[in-house]
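Written out below as structure tokens is the structure these notes cover.
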Amino acid sequence: MDNAFILLEIVFIPIVGSLLLPLFGLISSRLRNFLALLFVLCSFALSLALIPPVLSGETLTFSKQLALGFNFVLVADGLAVFMACVSSFISAIIVLYSFDYISHYENRNEYYFMMVLFLGSMMGLVLSGNLIFLYFFWEMTALTSWRLIGFFREKTHVLKANKAFLVTIFGALAMLVGFIIIYNQTGSFDLAVIKESFKTIPVANLAVLLILAGIFSKSATLPFHTWLPDAGVAPSPVTAMLHAAILVKIGTYVFARLFLATFALVTDWHTIILVITAASALIAAGAAMIEKDIKRIVAYSTISQIGFIFFGLAVGNQTAVAGGLLYIMMHGLAKAGLFLGAGVIEQNTGIRDITKLGGLIRTMPVTAAAFLGCSLSVMGIPPFGGFFSKYLLFSGAISSGRIAIALVFLVGAFMTIIYLFRLFNMVFMGEPQTSRAKEKSPMMVACVMLLAVLSLAGGIFINYPSHFVQVAVQGMVGLIN
Amino acid sequence: MDNVLLLFLIVPLAAGILALLVPGKARGPKELIILAATFLNLLIAAVFFKTGLTYSFPWVPGIGLEFSLRLYHFSAFIILAAAAFAFLIALYSIVSLAEKPYAKQFFAYFLITLGFVNGAVLADNLLLLLFFWEGQLITLFLMISVGNKAAFKTATKALIIVGITDLCLMVGIALTGHLAGTLTISKINLPLDALGGMAFVFLMIGAISKAGSMPFHSWIPDAAVDAPLPFMAFLPASLEKLIGIYLLARISLDMFQLHPASWISTMMMIIGAVTILLAVMMALVQTDYKRLLSYHAISQVGYMVLGIGTAVPIGIVGGLFHMINHAMYKSCLFLTGGAVEKQAGTTSLDKLGGLARKMPITFACFIVAAAAISGAPPFNGFFSKELVYDGALERGFIFYLAAVAGSFLTAASFLKLGHAAYLGKIREENRNVKEAPLLMLIPMVVIALGCIVFGVYNKLPLQALIQPILGPERLAGHSFAGWPAKAALVIATFVVLAAAFLNHRFGVRKNGSGLKASDHIHYAPILRGIYDRAEKRFFDPYDIGLKAVNMLSEIAWQCDRAVDWIYDTLVVRVTYACTHQIKKAHNGNYATYLVWSLVGFLLVVVFLLQSVKM
Amino acid sequence: MTSLLILIPLFSVMVLNLPSRTMMRRFAFWLSLTLAASQVCLAAFFGTGLWSSPLDIYGSFFRFNLAVDNLSRIMLLSVGIVVLTAILVGRETIKDENQHFNFTNLMLLVLAGMNGVVTTVDVFSLYVFMEITAVASFVLIALQKERDALEASFKYIVFSALASVMMLSAIALLLMTSGGTGFAGISQSLKSLPANPLTLLAMGLFVCGLFIKGGAMPFHGWLPDAYSAAPAPVSILLAGIVTKTLGIYTLIRIAGFVLGPNYALNSILLLIGALSIVAGALAALGQKDFKRMLAYSSISQVGYIVIGLGCGTPLGIFGAVFHLFNHSVFKSLLFANSAAVESQTGTRNMERLGGLAERMPRTGATSIIGFLSAAGIPPLAGFWSKTIIVVALWQAGFRAYSSVAVMAGAITLAYFLSMQHRVFFGKIKEELKSVKEANFNLLLPALFLAAITVGVGILFPFVHDTFITSFFR
Amino acid sequence: MPIDIIILILLTLAALWTVMSNSLLFAAIGLALTSAILTIVMFRLNSPLAAVFELSVCAGLISVVFISVTTMTQPQSRQEVAQHTRDRLGRFKFLPLIIILVALALVILNLKPGAPLPTPETGEDVRNVLWNQRPLDLIGQVLVLLTGVFAVVIFFKEKSKDE
Amino acid sequence: MNSQALQLFWSFGPFVILLAVIGIYCILVTYNLIRALIGIEILIKAVTLLIIVAGYVTGHTALAQALVITLIVIEVVVIAVAVGVVLGLHQHNDSLDIRKLRNSKG
């Protein structure tokens, strides 16, 4: 099969498929569920198919010239395929988890529609080689996440969803202006052209600032982060998908795509970004220590960990960027596991306040084990995958001479350990405070366990993702040596 | 041939996983697995003891992570020691944990820990070392948390402390790798300049925290109470000391050029001295068998750190010798504690007494080990301590004084412990106590004999095992085996031991019982207040740290709320204020609207007209 | 053939009012529907060539000054779509048979008037057709003779009269300076003459008149009242197309092609546009009445069109036209939704609504599509037009305006989200439990318009290539 | 020319009176008067046909419409009228002032009146223009009248049905 | 357009402006619906005059007359519709007071 055609399929199978899902939902909900999974798996499988050519250094491109410079360009390089694989894979697990989780709520058609559409948009985003289409898919992810966050349609839920939508859109609009500035500088929205153009001229600072606003709002970084904990009202698979595994990674991806793979920033920008993200990591970690709602804690943890990813990307040398990308993957797996685990707890006990939980390890041992595994991965403890990514970050930062900022992040890492253990202890240890809550759905628990096992496997078989990431990093122009 | 090194990993890890899989209720399979695995491990360690092997394959080339293992004299020594302890403690724990529901899990974690320890010791790549090093965190956590109901809190404490220090180790490794340009331990040789010193400090934090030195010690006394006893003998008493000090020795001796003149050396000595004194002060006033021992486990680390920190050969040899000695007598002591707990059902000293007659072999082992830890000749502790004294004296009288004071208090506290637990009147409820079962006695006796052998025939460990570590250059032909060279120091030691005995007599007479033999120190005017606060964990670095973190968190939380306020309140209010004004302007009167239009029109016209004149 | 656009509705009205009126009544709805639908089809699927082909039958008799270019064609399409929607909605919401018949007739007249507006090439004829449309709108607003509707109608009359007077003055001045009223003549003479105060005055008058008609801030006073008080189909008509044709299309035509491009004029357009965008959006945020909120939203969206026009570059004008079309579609859609909500619940007060998505899922879903398009969220049509406008503005160097236009998107989204969560989400109120989904006549246009919005959004490149590219030629 | 100026001044005064007069009836009559004077101006300006239209339709028809509306709406009570008159005076008294000011401003700004009227050009015939050049306007007139018919039907006929 | 025509125009122009001012003032200030319509009428008169003048000074009197005739027809219809609306309002409000037209606001 023509490789460029695969690119189209990766994006459009889920998008077109999602449109059909409500129709299938009218026929049979099982069929719809199955198809939803199938579409996502299709994307995943096709993304996997791209790995061999990408590893051999090839860059696949699909390009269609359209009017006004809005060319539809899909580019599959290492970075894009890496993100595509990670996000589609996690999505598949989450969709699988949703089968049971969502089965007793209304609007399931809309749910699957939005889920799969989200994945399709995500694929479009990562593969897009044109700023306008990048923005296009970016907003589509915002749109779908808005509906997914407000899935329960209660007033408060919808208000939170609106907040998330507004904040991210505000950032996205700022970013759009940034894109337009770049367009004005280079005369094109095409990333390849932009890359060439910026070899000779520096990129406008205003554009960088505006794009950063977009990135930070999407990736929930200070000062645009508060929508993320609030969005915890969503169903757990949604929070896992959007806020842990995929949506918030969009910002980091675009950061890497633009600021590293397309053009270079001046060092001052790196310093500024590092300071912001360090503050973000610390403040979110502190908030996670104080919060009592299980999902909010995990959400704050996400904010904090996103700070780490930016830390790697902004340090900007090869090691650190590789670490940042690995972090995206490892954190995605582990944090999805945490959110899904929180979902199991929430669904089986009906409680989200950790002060009212306790002793669940006795009734929900598998969940507890998986939750612990995922926590350990997030903390960065070997043999879990999170260890390597964290090490690479620090190693990269130190070899760039950013020791002070590394120490700040070290404090953040300390706090990660503390708040995650606080969470684990309060939920699973101690005296049981609730009636005996069992793990009702084997499928859901299996999904959580699978993520934990994958986090472990990600550590033990680290060389595969690591190699992939190295390849992805090699093509970047914005690296600091 | 070289890949036999993998057996050190595969055997315990595979056995551990297997142990997790076998049914836990039945007696037999799990015991068999742990015994077989530890024995096999010991066997391999013994067989390959003298061979220098290296094994290496690239694991993750991109990040400098090489799976390289190196078996040479030092690591072989540690591996052998660890294997021996593991085997003996496994033997012991088969009995001591026989009825516990968590035995299976404990065995599995035990074996996995052993595998990780082997890996950490063998690793010749810093990152690989870190991998195995931090991997122990999980089993540490799990092993503690299978204990009693409150054990998970201690487990968490342990995990947080060790986890944090391991992160420091990680940063240290990153820094070292950056400075040296390689992560292969045997190729690293760095000067202790500013960055090098920083790297050293980070690595050292990881190492001494594993060993249980202050200020990273505070989980150990808690674990002594909560965790299963074999755990204490296995990890804090022996294996963690072994690998902690092993790493400390490697960074001090191989990876960095540690000189007596450098500030790092002084710092290490201060840490050592402080650890010795503070921990032993705490040990003195404990009233729980295991808890008292656990404070000693901390205190003795001080000697090792002090010894290595002196950076003079005699001190280093002393420190390393003390490491292996301590692992022996302390695990022996913990095992006697375990035997007492198993037989008498408690380790609280006020409920014990007079057990010497009921458990004579245990008592004998206790005597040997206690004498060894107090530094009484001819047991092994005496010789290692003398070496450390000598080294410390070379660097400064104050350090020597601290070490000797520590010795005094150690002796005092063990006199108290022995007196309270084994002598005196037997209590009514302990009438039926019997000697511990054979399988528990064997390890104790073996280790106690080891203490005697290593003391009397100290040439064997020193010349065969320890002095090669320093290498011929450092030793410059000296040998530290045999009777201590400086008679003055020996005399001083005797004086101190005698003083400790007199002090004990005084305390017993003054306060009436062996248990209260240290009360005159405990309730001395100034010390009393300090002790009270210490008992309330006023000085627990962990609690202080947590408080600091909580304060930081509170600040962060306020920042977060402030940011949230901007979105939830400020933006909304400002927007609605604008909206309100606009709505108010639309008063429904069309004349108003007409005026707007006309004004707009006039402005448009004026603007257009002036645009031409310009 | 273009003249048929005007004559056929005219004759239809006449036929419908022939003596056998009772028989014609049933026929009226279908006739009007057919006319509108065929206009949609013709405009959508045939190029401008179709319209310029002469008809021999009466060609010798009448000589009409009409022309259809691509701009007109897009407008014809929009007119057709919105009128079609309004007719369908009208069937459902105007129950009285007499009223409905009058409504249908007036719709045909409006259709004729708007077709005239978009095809004529003469400023005075433009005025005449505008006036036809406006007068029919006055009547339509007051069709049911409710108090508020009459009030709104009166306000509209006053403003419209003022606007007419302004435009007529401008026409008179242009007549004086250029000696004619044809677009081409005026444009030519303006280009050849140096700028003089009289032509500038004419420009100002004309543009301000159009601002009033189009409802740009601060000339918008009549608009919220008229939109909110009119019967549902009339709101659709007014918001969707009437004010857009009378005010905005004409503004594009006059300011973009006849009088301009003129730098000073463009500056005014930019300023007015920015003001409308922001103030309109802010005002919409505080509304309780569903339709009134949509009315203010219209003002805000008009601002986008005006600002795009003010940019003065072909891209900007293209964006403005495209947004005009999109706005017609999505605003009609939203008004159709509001009509559905009003007809099913009997109220437009958003405070008293809530949870309707449960009961009226299709209305809820289409309204989401509508407002997202309005807020410029991909993959909907509004995204492209707004993006084009913004890009054009930035390219032309109006960075501040560009930023305002972009950032106002957030406010737009805010008020629509607020609408959405007050009307469609949340718990359903006790008194609304019995509400059902609107029936077919109300749903069909909503679905149809939503489909257009999504289709144009997703197939934008295609739409652009087949439809709009020729605009530049 | 002076005669034209005088007529125009009269026109203004008539309009002023129309607006200032207290009674609606007088206002309607004033409007008719204004139209009539405008007719004269138009006639003077070579536009006889339009003048005739103006006279018949505006001065005639519209005035009739206004007068009839005035009578159809009930008159207020005498007190109210008196109050109303005072109110009006308060609000309208600025108008003449403004008019004078504007007039002065215009006189100062501009261009003195008094240029001789040019000889009337032989322009095209109005009928020709209307029928041959601007048939669209005629269609427009038809349309607008039709609309007017519907308006009348809606506003007047159905009302009478209600009553 | 020559300067003579311009000058000629300006001899009429001020009166157009004066009429417009009167009309607008009337619309703005009055409290009576009918009087507002009269204001509109006066405005239209001003425009009529303007068109005629414009036609006159440029010699396009025929065109101007054609425009004015159409204008007058439209004017009549507009006024008729307006009067209809006013009567409707009178029915509802029982008064012609403009101040009662403030129902929709905000």
Side-chain angles (χ1 to χ4, degrees), chain D residues 5 8 11-12 15-16 18-19 24 27 31 34-35 38 41-42 45-47 49-50 53-54 57-58 61-62 65-66 69-70 72-73 87 91-92 95 98-99 102-103 106-107 110-111 113-115 118 121 123-126 128-130 134 137 140-141 144-145 147-148 151-152 154-156, chain E residues 4-8 10-15 17-19 21-23 25-26 29-32 34-35 37-39 41-42 45 48-49 52-53 55-57 59-70 72-77 79-81 83-88 90-91 94-96:
Chain D
I5 298 299
L8 285 169
L11 176 65
T12 314
L16 202 55
T18 308
V19 173
L24 271 176
L31 189 62
T34 316
S35 278
L38 184 60
V41 178
M42 285 159 86
L45 294 180
N46 284 344
S47 307
L49 208 61
F53 244 83
E54 174 74 24
V57 176
C58 292
L61 184 60
I62 290 182
V65 168
F66 274 123
V69 173
T70 312
M72 272 164 77
T73 53
D87 266 10
R91 284 176 287 124
F92 275 85
L95 182 56
I98 291 174
I99 292 297
V102 172
L106 286 167
V107 167
N110 111 57
L111 346 154
E121 283 176 41
E124 286 172 285
D125 188 18
V126 182
N128 182 30
V129 170
L130 205 51
R134 310 196 67 84
D137 292 1
Q141 287 182 23
V144 90
L145 283 171
T147 319
V152 170
I154 287 167
F155 287 125
F156 297 96
Chain E
Q4 196 201 7
L6 193 65
Q7 203 175 9
L8 190 57
W10 276 118
S11 54
F12 293 93
F15 294 97
I17 295 173
L18 288 180
L19 278 178
V21 169
I22 292 170
Y25 190 91
C26 179
V29 172
T30 187
Y31 286 162
N32 185 301
I34 295 176
R35 222 177 271 273
L37 294 185
I38 289 172
E41 270 297 301
I42 290 176
K45 296 287 166 264
T48 316
L49 178 59
I52 292 292
V53 168
Y56 176 70
V57 299
H60 292 105
T61 49
L63 180 57
Q65 286 187 70
L67 301 190
V68 166
I69 288 166
T70 314
I72 288 169
V73 171
I74 292 171
E75 175 193 352
V76 169
V77 174
I79 291 299
V81 172
V83 164
V85 171
V86 167
L87 285 177
H90 184 258
Q91 241 187 329
D94 225 14
S95 140
L96 290 175

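Values reported hereafter were calculated over all heavy atoms of this structure, with side chains retained and with hydrogens, waters and symmetry mates removed. A note on names: the letters A, B, ... follow the listed sequences, proteins ahead of strands, and every chain is numbered from 1. This is a predicted model, so every value here is computed, not measured.
- For D/Leu145, the parts sitting under 4.5 Å from any heavy atom of chain E are the backbone and the side chain alike.
- Taking both residues in full, the closest heavy atoms of D/Leu45 and E/Phe12 are given as CD2-CZ, 3.5 Å, listed atom of the first, atom of the second, then distance.
- For the atom pair CG of D/Leu11 and CG of E/Leu18, the computed distance is 9.5 Å after rounding to the nearest 0.5 Å.
- What you find for E/Ile42 and D/Ala15 is that their closest heavy atoms are CD1-O, 3.8 Å.
- Pairing each heavy atom of D/Ala50 with each of E/Gln65, the nearest pair is N-OE1, 3.1 Å.
- Heavy atoms closer than 4.5 Å to chain E are found in the side chain of D/Val41, but not in its backbone.
- In this structure, chain D has heavy atoms under 4.5 Å from both the backbone and the side chain of E/Leu37.
- Heavy atoms closer than 4.5 Å to chain D are found in the side chain of E/Val68, but not in its backbone.
- Contact of D/Ile62 with chain E is made through the side chain alone, with heavy-atom distances under 4.5 Å.
- At a 4.5 Å heavy-atom cutoff, the contact between E/Thr48 and chain D is made by side-chain atoms alone.
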Report task. Kindly indicate, with the supporting measurements, whether the criterion side-chain contact (heavy atoms from CB on, under 4.5 Å) is fulfilled by E/Val83 and D/Phe155. Result -> CA-CA 9 Å; E/Val83 164; D/Phe155 287 125; over 6 Å; no

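- Atom CG of D/Leu8 and atom CZ of E/Phe15 lie 5.0 Å apart (nearest 0.5 Å).
- Both the backbone and the side chain of D/Phe53 come within contact range of chain E, each with at least one heavy atom under 4.5 Å from a heavy atom of that chain.
- Both the backbone and the side chain of E/Leu49 have a heavy atom closer than 4.5 Å to some heavy atom of chain D.
- Ranked by non-hydrogen atom pairs under 4.5 Å with chain D, the options E/Leu19, E/Ile34, E/Val21 are led by E/Ile34.
- Looking at D/Leu24, both its backbone and its side chain come within 4.5 Å of chain E, counting heavy atoms on both sides.
- Nearest heavy-atom pair across E/Val77 and D/Gly148 is CG1-CA, 3.6 Å.
- The candidate with the highest count of non-hydrogen atom pairs below 4.5 Å against chain E, out of D/Thr34, D/Val57, D/Val19, is D/Val19.
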